[in-house]
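Since the model is a prediction, treat every value here as computed from it, not as a measurement. Counting starts at 1 for both ligands and their atoms, following the listed order.
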Amino acid sequence: MSFKAPYLPRDDEGYTVSFLPNETEHIAEFFDEYGVVVIRDVLSPADCEASVSEMFEIVESNSTFRRNDASTWDSWPANSIPQYGNISRAPIFTPQFLKNRANPTLHSVISTLLGRDDLIVNHDRAGLMRPTTNVQTSPTTNSDFPRWSTKPNLHLDMNPWTWLSDPAGIYQQNVLKNLSYERLADFITENNQPIQSTGTSIQALFNLLDNKKENGGFVCVPGFHKHFESHFSSIPAPENPSAGHNFSKNDPIFQQAQRVTSRAGSLIVWDQTLPHGSFPNKSNQFRAAQYLRLFPRWLLTRKQLKYRLIVIFTEAQRVAKGQNVVWSAEEVRALGGVVSEE
Ligand SMILES: O=C(O)CCC(=O)C(=O)O
């Protein structure tokens, strides 16, 4: 294998090098070289605090876990994906999570990076990794909890052979056409259908707590977006196509995964052709992240967008339990609202 991932540079505090939202040229250059870039100060400290609190509320209302009592942290929601730290299988529609998805800086950074303003945001899950070492479970006891550790993983949220063999995305468009949004799982299916001819497809996450290497979290193989085609065109496609691709731990590509570390409030953006995933938490701090993707709104029909938006606001109303959340026209548009010219 000829590919050697470039090493992601770090700043003085040991975080992956990052940029402010208005450093658009640096963001574009870094993203082009590495296929991943960190933009700091996108969410405010108050946004991060409210987001993490909403995540704890989800865990607490679906288990006997209590955020301030580590002796309860064995308990975890049944309908979740604990091996990857996901707190639910369904997408999350809490008020702050929706506000984050409509964040104007998120939309302007991605629109500038991709050179287009026809993007809407997805509605996805979140990851909360429990501390695993030196956890204080009583005033006199500190213990390690390797059983709370998540599984190291590296994957693609797409079928790489479908991407290569069908640039026009006939297969993916058929999948997208069938999304009725009557099932919340349709919001998850939506994520794995990037289409090559629409240009670079991006995924992203909001990092909600300061995240150093030992805290676990996002990893990727920098630079692989330039190697994707030669790699997958030399491997025969499996007989049964699936909407994702997992790299095994023994795969030399897996060995090249690097942690991307960042401060709370940072946005990590990556090219969807970049193998990515997460490494486990080896510290006594939590790791918290909200997953995102932005994609061209016209990949969905006007009818789909209308129904999708009804589902988003119905879920938001149900989750907010009567709390009145007011949305500006721009926020509604960012979340996937139908706009008058369509
Ligand atoms: O940072 C993480 O937890 C992994 C994110 C991920 O794999 C994804 O969003 O597809």
Parallel, tilted or perpendicular: which one describes the rings of W148 and F145, with boundaries at 30° and 60°?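 The arrangement is parallel - the two ring planes meet at less than 30°.
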
Quick check against the 3.5 Å criterion: does R259 have a side-chain atom that pairs as donor or acceptor with the backbone of F218?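 The answer is yes, because a donor-acceptor pair under 3.5 Å joins these two groups.
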
For the pair T141 (side chain) and T137 (backbone), establish whether a donor and an acceptor sit closer than 3.5 Å, ignoring hydrogens and angles.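 No.
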
Can you tell whether the side chains of R263 and D11 come within less than 4.0 Å, N to carboxylate O?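 A salt bridge links R263 with D11.
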
Is any side-chain heavy atom of E57 less than 4.5 Å from a side-chain heavy atom of R67?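 Yes, at least one pair of side-chain atoms sits under 4.5 Å.
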
Going by side-chain hydrogen bond (donor to acceptor under 3.5 Å, both in side chains), name the residues that satisfy it together with W73, two or more places apart in sequence or in a different chain.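 With neighbours one apart ignored, the set is empty.
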
Note every protein N or O atom lying under 3.5 Å from an N or O atom of ligand 1, pairing the names and giving the distance.
unit_1   : atom_1 : unit_2 : atom_2 : d
ligand 1 : 1 (O)  : R287   : NH1    : 3.4
ligand 1 : 1 (O)  : R287   : NH2    : 2.8
ligand 1 : 3 (O)  : R287   : NH1    : 2.8
ligand 1 : 3 (O)  : Y291   : OH     : 2.7
ligand 1 : 7 (O)  : H155   : NE2    : 3.2
ligand 1 : 10 (O) : H155   : NE2    : 3.4
ligand 1 : 10 (O) : D157   : OD2    : 2.9
ligand 1 : 10 (O) : H276   : NE2    : 3.0

